[in-house]
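Not measured: the values here are computed from a predicted model. Whatever order the structure lists them in is the order used to number ligands and atoms, beginning at 1. This chain uses plain numbering: 1 for the first residue, then up along the sequence.
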Amino acid sequence: MSSSRTYKFVLQPTSRQLAAFECLLGLQRELYNAALEERRGCWKWNQRSVSYFDQTKELTQLRSARPDVLSFGVTVCRGTLLRLDRAFNGFFRRCKAGEKPGFPRFKGPGSFVSLQWVDRSGWALNQDTGRLRLYGIGHIRVRLHRSIKGIPKTITIRREGRRYWVSVQCVDVPAEPLPKTAKSIGIDLGVGSLVATSDGELIQGPRFGKRGHAGLEKAQRDLATKVPGSKNREKAKQRVAAHHRKIANRRRDFAHQTSRRLVNGHDLIVYEDLKITNMTRRPKPRPDQQGGYEPNGAKAKTGLNRSIHDAGWGQFISMTIYKAESAGREVIAVDPRNTSRTCSGCGHVSAGNRHGAVFRCQSCGHEAHADVNAAGNILRAGRARQLIAA
Ligand SMILES: [Zn+2]
């Protein structure tokens, strides 16, 4: 069994290469905006839609008209057109679904920061020398902190603040089955502590947000006071972005480490399938009899929403799943209903069993941390599912 995986590395370009990246980003932004203009124009004047395929064919005409655009190769240009195509596909899909569509927008100088090489031409990664060769730029040093497995198919280069990163998308990544441990674990994804396990462990993630928040809020307040279009505003914007990146990095590191530990130690991992998008939906206002609005718990829920996003459950689960897949482990999602009200000792179900963070069974007296008790129920539900499937 094999799968696909993305590896992300930091690039260490020379100052000449940095300048080349800036130039390339500028040219690709121009191409993106021109291609968007073409699509808009055709639709407006001819009611005709232009496809990705049409636009890639037109790239050859650039050879005489704008040779500078092609000086970094045609692959990266196709990547930009593909990105526009995806933006349009998203737009059409949202239209169809009756959501707020959001027409693809022109990109300003600061908002175009990523480049894609959509096939294996125009670039080569040498793992022995730690160099990424890019057509038109040269050999760029890559900090390869881990080795790549599988076959590299496409790359994406992104500027984040002052740094450039390369993401290498690999296919046919061979599975690396781990020896069996004969252990199973249920995990409860809580709000306060990120993960409670059926073994009784509470794995406290970094308080994403909360710690980083003071700095972020200050940076945001600072940004609001700056004159639009000014240099200081640009700098303040960079500071806000840097705070966001830092929080995201900490979250990702934690998710990586914790999912790795769970997968290494257990043959079966069971989690509750909380539909995260449902849980984080904005609460509807509730009109009262007098024509005003009753409190709808929006404030409490906003706090909870933030915690849910902070905890980064979706990311954590997807990391667990792909690591498990590669290691030959089993991951099962179960219905979260009643997991917090049921006694993991005797199966008694009652809302009265729960006292805040403590679970105390009214029937058998079993006492545990509420999330650990829930994790026990989750594991049992997963084992039952496994039996039915077998
Ligand atoms: Zn009980």
Side-chain angles (χ1 to χ4, degrees), residues 180-205 207 254-255 257-281 283 297 300-301 303-314 316-321 323-324 329-390:
K180 295 279 176 218
T181 61
K183 280 189 199 151
S184 308
I185 197 162
I187 54 177
D188 178 75
L189 304 166
V191 172
S193 57
L194 179 67
V195 183
T197 75
S198 51
D199 293 344
E201 192 187 1
L202 293 168
I203 308 168
Q204 177 68 64
R207 291 285 173 84
F254 176 77
Q257 285 163 16
T258 310
S259 57
R260 173 48 63 202
R261 196 148 70 81
L262 287 173
V263 168
N264 283 2
H266 306 90
D267 295 344
L268 169 68
I269 300 161
V270 190
Y271 71 100
E272 46 183 350
D273 186 14
L274 301 160
K275 292 277 178 285
I276 291 175
T277 47
N278 286 342
M279 275 194 73
T280 56
R281 210 164 39 196
K301 283 196 185 160
L304 181 62
N305 283 351
R306 180 184 279 172
S307 296
I308 289 171
H309 287 301
D310 280 351
W313 286 348
F316 172 70
I317 291 299
S318 73
M319 281 183 184
T320 306
I321 290 172
K323 287 190 174 88
R329 306 298 207 208
E330 193 171 2
V331 178
I332 295 181
V334 297
D335 189 340
R337 239 174 312 166
N338 284 338
T339 51
S340 62
R341 300 192 298 157
T342 306
C343 172
S344 62
C346 72
H348 176 70
V349 184
S350 166
N353 288 344
R354 176 112 193 229
H355 310 276
V358 179
F359 186 93
R360 200 178 303 119
C361 180
Q362 290 174 330
S363 172
C364 76
H366 169 72
E367 206 174 303
H369 188 285
D371 292 343
V372 170
N373 177 72
N377 291 325
I378 288 163
L379 174 59
R380 203 179 41 213
R383 282 205 179 116
R385 280 270 310 277
Q386 204 180 22
L387 277 179
I388 295 166

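- D335 meets the side-chain hydrogen bond (donor to acceptor under 3.5 Å, both in side chains) test with R337; sequence neighbours excluded.
- Put simply, the side chain of N353 never gets that close to the backbone of C361: no donor and acceptor are under 3.5 Å apart.
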**OP:** Please step through side chain to side chain contact (heavy atoms under 4.5 Å, CB included) for the pair T197 and V372, ending with a clear verdict.
**Re:** CA-CA 6 Å; T197 75; V372 170; over 6 Å; no
Original post:
Given L189 and F316, is the side chain to side chain contact (heavy atoms under 4.5 Å, CB included) satisfied, shown in steps?
Top reply: CA-CA 10 Å; L189 304 166; F316 172 70; 3.8 Å; yes
**OP:** Take S184 and L379 through the test side chain to side chain contact (heavy atoms under 4.5 Å, CB included) and record every step on the way to the result.
**Re:** CA-CA 8 Å; S184 308; L379 174 59; 3.7 Å; yes
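- In this model, a donor atom of one side chain and an acceptor atom of the other lie less than 3.5 Å apart for D267 and T181.
- Protein atoms that are N, O or S and lie under 2.8 Å from the Zn ion (ligand 1) are these: C343 SG, C346 SG, C361 SG, C364 SG.
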